[in-house]
Number of protein chains: 2
Amino acid sequence: MPRPTKHDPERGDARTRLLEAARDIVRAQGFAATSVDQLCRAAGVTKGAFFHHFASKEALGVAAAEYWAETTGALFAAAPYHDHADPLDRVLGYVDFRREIIAGGIEEFTCLVGTMTQEAYASHPAIREACAASIFDHAATLEPDIAAAMKARGIAGDWTAASLAAHMQVVLQGAFILAKAAGGPAVAIDSVDHLKRYLTLLFQTPSKGRTT
Amino acid sequence: MPRPTKHDPERGDARTRLLEAARDIVRAQGFAATSVDQLCRAAGVTKGAFFHHFASKEALGVAAAEYWAETTGALFAAAPYHDHADPLDRVLGYVDFRREIIAGGIEEFTCLVGTMTQEAYASHPAIREACAASIFDHAATLEPDIAAAMKARGIAGDWTAASLAAHMQVVLQGAFILAKAAGGPAVAIDSVDHLKRYLTLLFQTPSKGRTT
DNA sequence: ACATAAATACCGACTGGTTGGTACTTATAG
DNA sequence: CTATAAGTACCAACCAGTCGGTATTTATGT
């Protein structure tokens, strides 16, 4: 969507700057602890501009989750793991890609929508919904490759491609929490390695791997 | 009634009531969104009592994390999964135990320290530390059984008992987030099943399960 | 081409309520 | 009597959100 502004074309328009400020600050402090004034200061805009673009702080939260879904969606769509011929290699390549991002640094790899979900799930239904959409839509992009890998190897356990895609997100979100607790990405990387090991074992064995 | 103040031994002392209120409210709303007044109202005490027992809101956060570590520690110490003779059965029994708790209901199974970690890791180092201690001390209780199971089955992959114990916590924490996002525990249960399947596969195969 | 009208984007002082925290007082237990 | 526990009143800072106004862009009529 075109967003015309000649006022400050260098840094983008106020709306985008606010969204980017929200992405950075909310990831570090959480949604509730981030004030509108703080966001305005960081984005270099005034309160008037904030409430011109967003009806409320909650509306910004929803928009931030949507912006997150857009930008990360583009990042993963352009990632190189899609190039593998074997669907299982694409799935494992996704895990490697996430691992590389985590190894980058703690401020850059944590997930906005995972953080906001925890705070907003009971008190801000609109934000929760936007975060859920971001997480599950992203998980859905993995489903076709998982399903193809299952079919190619004749795997038919008591689990679905959707549940495995969700499990992969579970491991990533959990890894972020323990990384934050530990104060470094080492735990997260180990956990992603466990995830990759699970995927390898799952698609190696023709066994059903029953649970109960 | 001009002198309604009579020590109420039925409900416990003010400090414990505040800690319990914090446990319930912070889990639902997050730490920053929970005000001191709200906690006092819920605990049935006044602000004077609050600041008599806690030097600051942050100090309450630390105490709440410690209280959480104590109470959940006792819960897991008394759980029946320790009774199995085989160490691997004890580890799998732990997963079953967590699964049962999750099936109970969304308000009761989410983790206080996981929620607080996300908000406090950058802005409240003391809380982060207390949360980290709670998580990693709990993970450490699983380590001996994992190590024993590894030894008993001659497993020697490129992973440690500590990293697997941490990975189990990762899955649980991540499962809570996706459950909150989805608005129900179904995803979390599926993910815990995947974790159990991973453990079963890991200890079934004598393979090294190399990753890279 | 040009005047004008209508949106849109943005500004910043202001408001009423809430926040974490303080000061002082009062009650209870040993 | 003294220490601890709890209650009451209050504060300055901060909070989300408002409002009247200005600057810039776009659409329209002639």
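Letters A, B, ... mirror the listed sequences (proteins, then strands); counts begin at 1.
- Taking the salt bridge (Lys or Arg N to Asp or Glu O under 4.0 Å) definition, one finds that Asp89(B) meets it with nothing, sequence neighbours left out.
- Within 4.0 Å of Ser35(A), counting heavy atoms only, lie sugar-phosphate atoms of the nucleic acid but no base atom.
- Ring orientation note: the planes of Phe97(B) and Phe76(B) are nearly perpendicular, at an angle over 60° on the 30°/60° scale.
- Arg15(B) pairs by the salt bridge (Lys or Arg N to Asp or Glu O under 4.0 Å) definition with nothing, not counting sequence neighbours.
- Taking the six-membered ring where tryptophan is involved, the planes of Trp159(B) and Phe203(B) are perpendicular, since the angle between them exceeds 60° and thus also 30°.
- Qualifying salt bridge (Lys or Arg N to Asp or Glu O under 4.0 Å) partners for Lys47(A), counting only residues two or more places apart in sequence or in other chains: Asp37(A).
- Gln29(A) and Ser123(B) are not linked by any side-chain donor-acceptor pair at a separation below 3.5 angstrom, with hydrogens and angles left out of the test.
- At whole-Å resolution of the value, CZ in Arg41(B) and P in dT19(C) are 7 Å apart.
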Between N or O atoms, less than 3.5 Å apart, protein on one side and nucleotides 9-13 of chain D on the other: list the pairs.
none

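- With respect to the salt-bridge test (charged N to carboxylate O, under 4.0 angstrom), the residues Arg90(B) and Asp83(B) do not qualify.
- Atom-to-atom, CG of Asp37(B) to C1' of dC15(D) comes out at 14 Å; the value is rounded to the nearest Å.
- For residues 59-82 of chain A, the set of pairs meeting the side-chain hydrogen bond (donor to acceptor under 3.5 Å, both in side chains) definition, not counting sequence neighbours, comprises Glu20(A)-Tyr67(A).
- Contacts between residues 50-61 of chain B and DNA chain D, counted as heavy-atom distances below 4.0 Å, involve His52(B), His53(B).
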